[in-house]
Amino acid sequence: MSFSSEVKEELARQLPKSRHCQLAELAAILGFLGRMSGSSQGRELKVSTENVTLAKKYFTLLKKIFDANPALTVSQTPYLGKGRTCVVSVRDPEEIHKILSAVKWTDAWESELKGEELVNGILVKNACCKRAFLRGAFLAAGSMSDPEKAYHFEIVCQDFARAEQLKSLIHSFELDAKIVLRKKCHVVYLKEGSQIVDMLGIMEAHVALMNLENVRILKEMRNSVNRQVNCETANINKTVNAAVKQVEDIRYIEDTVGLHTLSEGLMEIAVLRLRFPEAALKELGAMLSPPVGKSGVNHRLRKISSIAEELKDKNIV
């Protein structure tokens, strides 16, 4: 099971205690998946989904809020013999009227429950109702990437106006949701791991939140270790390259004018560097008499390199 499916399984088990929150979540499911069929004389309100747990939750919400008697049918998807489609339908005119009135869609006669807005603002005035609505929206049209690979949370909307309203609802929790056009749909998304964690908390997917946090911690630890190893490797390479260059300069001076031409302090450090090419500057300084600090050793070796460069410029062989 994918991480996105695990999140939806958990959210589908969350049933708000308050009727107004139940209604907000129901409105979200209807807003994304609700369809009307038939005429004014014989209408049918349907929600179709491949997510069995979502279908069960929608069915439960209808029973809980309206004491309705919806029909649940499951059919096998013909494509390659895989998957199945669940359809929850309400045919009783009185029940349909109650449901549409409750979600403020009393004039919904078209094939789709489309209005100018994704949800009537009255249904999402409270923060708890906004949480419930976002939970329903993700269940109906959302998805998440595997956090081991990338951080990405999205909910697909059919038009820009609805995407804007959804984005505003997410912004009300101080999360920086954005909208991108993908084919003919508008996608509301989050990309930062910390904000996706907050979003899971808002929707009350606490188990998924902890799992995602564990993944984030492990990834941050791996990245921290990799950065440290890379830094140490770079420092080692830098130290080795510097030592190789120092030995080359000392050899050049020795082969051209001889080390005896150097001052006593420079000659002493030059001889030590030749004897201990892998020693750190601090170690070389400790071998001198009297001992010299790291910066003192570095100064002397720089002076030797400068002398070698001057000799090379003069082409003394």
Rounded distance (nearest 0.5 Å) linking atom [atom1] of [X] with atom [atom2] of [Y]:
| X | Y | atom1 | atom2 | value |
| --- | --- | --- | --- | --- |
| R227 | R222 | CZ | CZ | 12.5 Å |
| L134 | E25 | CG | CD | 10.0 Å |
| I170 | Q165 | CD1 | CD | 11.5 Å |
| I250 | S305 | CD1 | OG | 7.5 Å |
| Y189 | I155 | OH | CD1 | 14.0 Å |
| T261 | L266 | OG1 | CG | 9.5 Å |

Could you list the residues that satisfy salt bridge (Lys or Arg N to Asp or Glu O under 4.0 Å) with [X], not counting sequence neighbours?
| X | value |
| --- | --- |
| R302 | none |
| K167 | E164 |
| R251 | E254 |
| R13 | none |

message = Under the criterion side-chain contact (heavy atoms from CB on, under 4.5 Å), I'd like the reasoning laid out for V187 against K178: C-alpha separation, chi angles, the key distance, then a yes or no.
response = CA-CA 8 Å; V187 181; K178 293 181 172 60; over 6 Å; no
task = Flag the pair E309 and K245 as a salt bridge only when some basic side-chain nitrogen lies within less than 4.0 angstrom of an acidic carboxylate oxygen.
result = yes
message = What I want to find out is whether R216 reaches E213 closely enough, with some N-O distance under 4.0 Å, to be called a salt bridge.
response = yes
key: Stepwise side-chain contact (heavy atoms from CB on, under 4.5 Å) test for L15 and L61   = CA-CA 8 Å; L15 189 64; L61 287 170; 3.5 Å; yes
Can you give me every donor-acceptor pair (side chain of residues 281-301, partner residue at least two apart or in another chain, under 3.5 Å) with its distance?
unit_1, atom_1, unit_2, atom_2, d
E283, OE1, A280, N, 2.9
R300, NH1, G265, O, 3.4

Worked check of side-chain contact (heavy atoms from CB on, under 4.5 Å) between N69 and E95 = CA-CA 8 Å; N69 292 294; E95 290 181 352; 3.7 Å; yes
[Y] backbone acceptor or donor facing [X] side chain under 3.5 Å:
| X | Y | value |
| --- | --- | --- |
| R273 | A279 | yes |
| Q158 | C185 | no |
| R91 | P70 | no |
| N126 | C128 | no |
| S101 | K98 | no |
| Q22 | K64 | no |
| S2 | S5 | yes |

key: Pair K312-D249, salt bridge (charged side-chain N to carboxylate O under 4.0 Å, His left out): steps then yes or no   = CA-CA 10 Å; K312 291 174 184 177; D249 289 339; 3.5 Å; yes
inquiry  = Could you check whether atom CZ of R275 has more than 12 heavy atoms from other residues, nucleotides or ligands sitting under 6.0 Å from it?
reply    = no
ask   = Do other residues, nucleotides or ligands put more than 12 heavy atoms under 6.0 Å from the NZ atom of K46?
value = no
Are side-chain heavy atoms of [X] and [Y] found at a separation under 4.5 Å?
| X | Y | result |
| --- | --- | --- |
| H206 | E204 | yes |
| I196 | L175 | no |
| K303 | S263 | no |
| R43 | D92 | no |
| T49 | Y58 | no |
| V188 | C157 | yes |
| L274 | L259 | yes |
| Q195 | D176 | yes |

N/O donor to acceptor pairs below 3.5 angstrom from side-chain atoms of residues 136-152, sequence neighbours left out:
unit_1, atom_1, unit_2, atom_2, d
D146, OD1, E148, N, 3.0
H152, ND1, K191, NZ, 3.4
H152, NE2, E154, OE1, 2.8

Would [X] end up clustered with [Y] when hydrophobic side chains under 4.5 Å apart are linked, directly or stepwise?
| X | Y | value |
| --- | --- | --- |
| V244 | V247 | no |
| F32 | V180 | no |
| F59 | L26 | yes |
| I29 | V156 | no |
| L118 | I202 | yes |

State, to 0.1 Å, how close [X] and [Y] come at their nearest heavy-atom pair, and which atoms those are.
| X | Y | value |
| --- | --- | --- |
| L169 | K130 | CD2-CG, 4.0 Å |
| L212 | G193 | CD2-O, 4.5 Å |
| M203 | L11 | O-CD2, 3.2 Å |
| A243 | P277 | CB-O, 3.4 Å |
| C86 | V52 | SG-CG2, 3.7 Å |
| A28 | F133 | CB-O, 3.2 Å |

request  = Start with the C-alpha gap between R35 and E44, add the side-chain angles, then the distance that decides, and say whether salt bridge (charged side-chain N to carboxylate O under 4.0 Å, His left out) holds.
outcome  = CA-CA 8 Å; R35 297 290 183 272; E44 184 177 20; over 6 Å; no
ask   = After noting the C-alpha distance and the side-chain angles of T85 and V74, does the key distance pass the side-chain contact (heavy atoms from CB on, under 4.5 Å) rule?
value = CA-CA 6 Å; T85 301; V74 181; over 6 Å; no
ask   = Side-chain donor-acceptor pair under 3.5 Å between T53 and N51, yes or no?
value = yes
